[in-house]
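Here the structure comes first, spelled out in structure tokens, and everything after it is commentary.
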2 protein chains.
Amino acid sequence: MTKHKDNQTEEQILEAAQQVFQAKGMDGARMQEIADKANINKAMLHYYYRSKQLLFEAVFKKAFALLAPQLNAILNDDSALEDKIRSFTHNYISFMMKHPYLPNFIIQELNRNPKFIESLKNNVAFPNISKFKTQVEEEVEKGTIVSVNAEQLFINILSLNVFPFVASPLIKAFTNVDDKAYKAMLEDRKTAVSDFIINAIKK
Amino acid sequence: MTKHKDNQTEEQILEAAQQVFQAKGMDGARMQEIADKANINKAMLHYYYRSKQLLFEAVFKKAFALLAPQLNAILNDDSALEDKIRSFTHNYISFMMKHPYLPNFIIQELNRNPKFIESLKNNVAFPNISKFKTQVEEEVEKGTIVSVNAEQLFINILSLNVFPFVASPLIKAFTNVDDKAYKAMLEDRKTAVSDFIINAIKK
DNA sequence: ATAAGGTTTAACCATTTGGTTAACAAAAGT
DNA sequence: ACTTTTGTTAACCAAATGGTTAAACCTTAT
């Protein structure tokens, strides 16, 4: 119990900031609300993070660092394509059901400030398609899957997995489904999406 | 040239508001910026629309009214399922390439305020899945497509078509693709996506 | 004990922001 | 002609907001 209270406060702030920023975005978030949620004085936010912008960036980078390994699972893992699709879909949906704010937060703030992505490319293990592209091209050549463009396939996989988390209010409304039933549908998607994708590319 | 100048001003405001709201969201938008873009005094915004909230709602409803018919094309049209998937994909991507801000704007603001969807259900021709569901179930019974849940299929179609517009900065970064090449990829998707979907459900 | 260093708080500040007001200009109705 | 209604503007206002400050409070090493 020597001097870890500082670390603890810093963590409290980051935790509270994460909640507020992810729920309301950079522009909608209020420093006072973050301070209240962290049970500290507003000046502490500036003591530890200097400015709203820097606090936001800390939250954003932490969120992105959480997402990146998920994506690298499909882009850089060594297993066979079909296995990867199944495990990625299963794992990604499980993961996002625990962090439902994440994808929307990242997409929204990246749209607000596209330059922001440049700093991420340096700081975090940034997902890259090249290895996945080689693998897809090999499988096409071997004849195990139909001829597909690797980028398009990647976009399709990503779309089918991410979109239901980004657009949930809209989809719920169109399909006349409540929260509970929507969760059940997401649960089904852990296998339904991979079946769908594999069906689409299997010869 | 009698008394349409009023209408003209009102339109200028709505047009400017649309640009600013869609680029920066409700919270990030500034009334002064809208006024400047419309080349009018800030007080005029309140003269015609009373408040930021009401101006925003006018913009939002107009945007949603533009989107809804697109979705009704796949949900309520009478043509055969396969034809619908092909024409929807083609038309939706063409349409969104002309209005790239639209889907992100609607999704973002609906996440910010999910209650908002209730008022839409009354005002606009709100897309509904029921007819589409019947059609899918019939085709499954006839044996022309594999056994799929209609809601899941709808989500898949929507995901594959919408997501690339919502997450473009992210996808561009992962696939190392610039603006021009991304547009070409979207162009390809007009047929690639429908092929993908039909492959996935065809027996 | 006490000096030094980091930590925390209440009060304060400058700027921004949505919104209002009162006067003025332009049509439109009589 | 003149009165009323509608459209437009500059100046103004109160509240909110990100950020600062100066003093108080701990903790710890000397």
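Proteins get letters first, then strands, A, B, ... in listed order; numbering begins at 1 in each. Keep in mind the model is a prediction, meaning the values are calculated, not measured.
- At the phosphate of C:dT9, neither OP1 nor OP2 sits under 4.0 Å from any side-chain N or O atom of A:Y47.
- Rounded to an integer number of Å, the gap from A:D36 CG to C:dA10 P is 12 Å.
- Taking only side-chain atoms of A:Y48, from C-beta outward, the nucleotide of C:dG19, D:dT8, C:dT7 with the closest atom is C:dT7.
- The side chain of A:A43 has C:dT9 as its nearest neighbour among C:dT7, C:dT9, D:dG18.
- A:F56 has its CZ atom 14 Å from the P atom of D:dG18, to the nearest Å.
- Of the side-chain N and O atoms in B:R30, one or more sit less than 4.0 angstrom from OP1 or OP2 of C:dG18.
- Checked by distance alone, A:K42 brings a side-chain donor or acceptor within 3.5 Å of a matching partner on the base of D:dG19.
- For A:F56 and A:Y49, the ring centers sit 6.0 Å or farther from each other.
- Listed nucleotides: D:dG18, D:dG7, C:dT7. Nearest to the side chain of A:M44: C:dT7.
- Contacts of B:M31 with the nucleic acid, taken as non-hydrogen atoms under 4.0 Å apart, involve only primed sugar atoms and P, OP1 or OP2.
- Rounding to whole angstrom units, CD of residue B:Q12 and P of D:dT8 are separated by 9 Å.
- As a whole-Å value, the separation of B:Q32 CD from D:dT9 C1' is 12 Å.
- In this structure, B:F95 places its CZ atom where more than 12 heavy-atom neighbours from other residues, nucleotides or ligands lie under 6.0 Å away.
- Between A:E187 and A:K183, no side-chain nitrogen of the basic residue sits less than 4.0 Å from a carboxylate oxygen of the acidic one, so the salt-bridge criterion is not met.
- Using a 4.0 Å heavy-atom cutoff across all strands shown, A:A29 reaches sugar-phosphate atoms only and no base atom.
- Atom NZ of B:K52 is separated from atom P of C:dT17 by 9 Å (rounded to the nearest Å).
- Between A:L45 atom CG and C:dT8 atom P the separation is 12 Å, expressed in whole Å.
- As a whole-Å value, the separation of B:H46 NE2 from D:dT6 P is 21 Å.
- Between B:T9 and the phosphate of D:dG7, there is no side-chain N or O to OP1/OP2 separation shorter than 4.0 Å.
- Taking a 6.0 Å sphere around NZ of B:K115, one finds it holds 12 or fewer heavy atoms contributed by other residues, nucleotides or ligands.
- Computed from coordinates, the B:N41 CG to D:dG7 C1' distance equals 11 Å when rounded to whole Å.
- A ring-centre distance under 6.0 Å is not found for A:Y101 and A:F165.
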